[in-house]
Amino acid sequence: QVQLVESGGGSVQPGGSLRLACVFSGSTFTTYHAGWYRQAPGGQREFVARIHRGGAALYADSVKGRFTISRENAKKTVYLQMNNLKPEDTAIYYCTAASILSNVGGETAYWGQGTQVTVSS
């Protein structure tokens, strides 16, 4: 059974940076694609970024140029480096993984428990 455990959330001032990490276990990490989604208070879960098992990345327009998704296969970990954070980035951030790219973030994907990111002055 695949398990995903996020860490790295916290509180930061606008313009600050955080790096989220998602540790994968329970299967062969290199056969999975992964991504990050977020859910703001009162909002719906939305796509943030996705990384192919081969390393190609895709970003939401709202974070392009500020966030970077990466993966370290030896550590079975997916990262989300977040720079120049804005108050509207405040949300719970969820890691997700699936063996089929189009399933990343979908109902059949695996999900972590989430980590809170708060951006406020």
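Computation of the quantities below employed the complete heavy-atom set of this structure, encompassing side-chain atoms and omitting hydrogens, waters and symmetry-equivalent molecules. Along the sequence shown, residues carry numbers from 1. Owing to the predicted nature of the structure, the values given are computational and were not obtained by experimental measurement.
Looking at Pro87 and Ser120, their side chains never come closer than 4.5 Å, going by heavy atoms from C-beta outward. When side chains are defined from C-beta on, Thr68 does not count as touching Leu80, because their heavy atoms never get closer than 4.5 Å. Annotation: side chain of Phe29 is in contact with side chain of Val78 (closest heavy-atom distance under 4.5 Å). At a threshold of 4.5 Å between non-hydrogen side-chain atoms, the residues His52 and Leu58 do not count as touching. Put simply, the side chain of Ile69 does not reach to within 4.5 Å of the side chain of Tyr79, judged on heavy atoms.
Between Phe47 and Trp36, the distance separating the two ring centers is not shorter than 6.0 angstrom.
Under the 4.5 Å side-chain heavy-atom criterion for grouping Ile, Leu, Val, Met, Phe, Trp and Tyr, Val48 is not connected to Val23 through any hydrophobic cluster.
Taking the ring axis of Phe24 as reference, the NZ or CZ atom of Arg71 does not stay both within 45° of it and closer than 6.0 Å to the ring centre.
When the side-chain hydrogen bond (donor to acceptor under 3.5 Å, both in side chains) test is applied to Ser17, the partners found at least two apart in sequence or on another chain are Asn83.
Inspection of the Tyr37 and Arg45 side chains reveals no N or O donor paired with an N or O acceptor under 3.5 Å.
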Show, in sequence, the C-alpha distance, side-chain angles and deciding distance for Gln3 and Ser27, and conclude whether the side-chain contact (heavy atoms from CB on, under 4.5 Å) test is met. CA-CA 9 Å; Gln3 290 189 323; Ser27 190; over 6 Å; no

Candidate pair Val117 and Arg38, rule side-chain contact (heavy atoms from CB on, under 4.5 Å), full reasoning: CA-CA 9 Å; Val117 171; Arg38 66 186 181 186; over 6 Å; no

Can Lys64 and Asp61 be said to form a salt bridge (charged side-chain N to carboxylate O under 4.0 Å, His left out), step by step? CA-CA 5 Å; Lys64 202 172 295 183; Asp61 287 343; 3.1 Å; yes

Val12 vs Thr118, side-chain contact (heavy atoms from CB on, under 4.5 Å): CA-CA, chis, key distance, verdict: CA-CA 6 Å; Val12 64; Thr118 302; over 6 Å; no

Does the side-chain contact (heavy atoms from CB on, under 4.5 Å) test come out yes or no for Tyr94 and Thr115, once each step is laid out? CA-CA 7 Å; Tyr94 296 91; Thr115 186; over 6 Å; no

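Under the side-chain contact (heavy atoms from CB on, under 4.5 Å) test applied with Leu20, the options Glu6, Met82, Gln81 reduce to a single match, Met82.
Side-chain atoms of Asp89 come within 3.5 Å of backbone atoms of Lys86 as a donor-acceptor pair (strictly under, hydrogens ignored). Side-chain atoms of Arg53 come within 3.5 Å of backbone atoms of Thr31 as a donor-acceptor pair (strictly under, hydrogens ignored). Formation of a donor-acceptor pair under 3.5 Å by the Glu72 side chain with backbone atoms of Lys76 is not found in this model. At distances below 3.5 Å, not a single donor-acceptor pair connects side-chain atoms of Thr96 with backbone N or O atoms of Val104. With hydrogens and angles disregarded, no donor-acceptor distance shorter than 3.5 Å links the side chain of His33 to the backbone of Ile51. Side-chain atoms of Thr90 do not come within 3.5 Å of backbone N or O of Glu88 as any donor-acceptor pair.
Nearest heavy-atom pair across Ile92 and Gly114 is CG2-CA, 3.9 Å.
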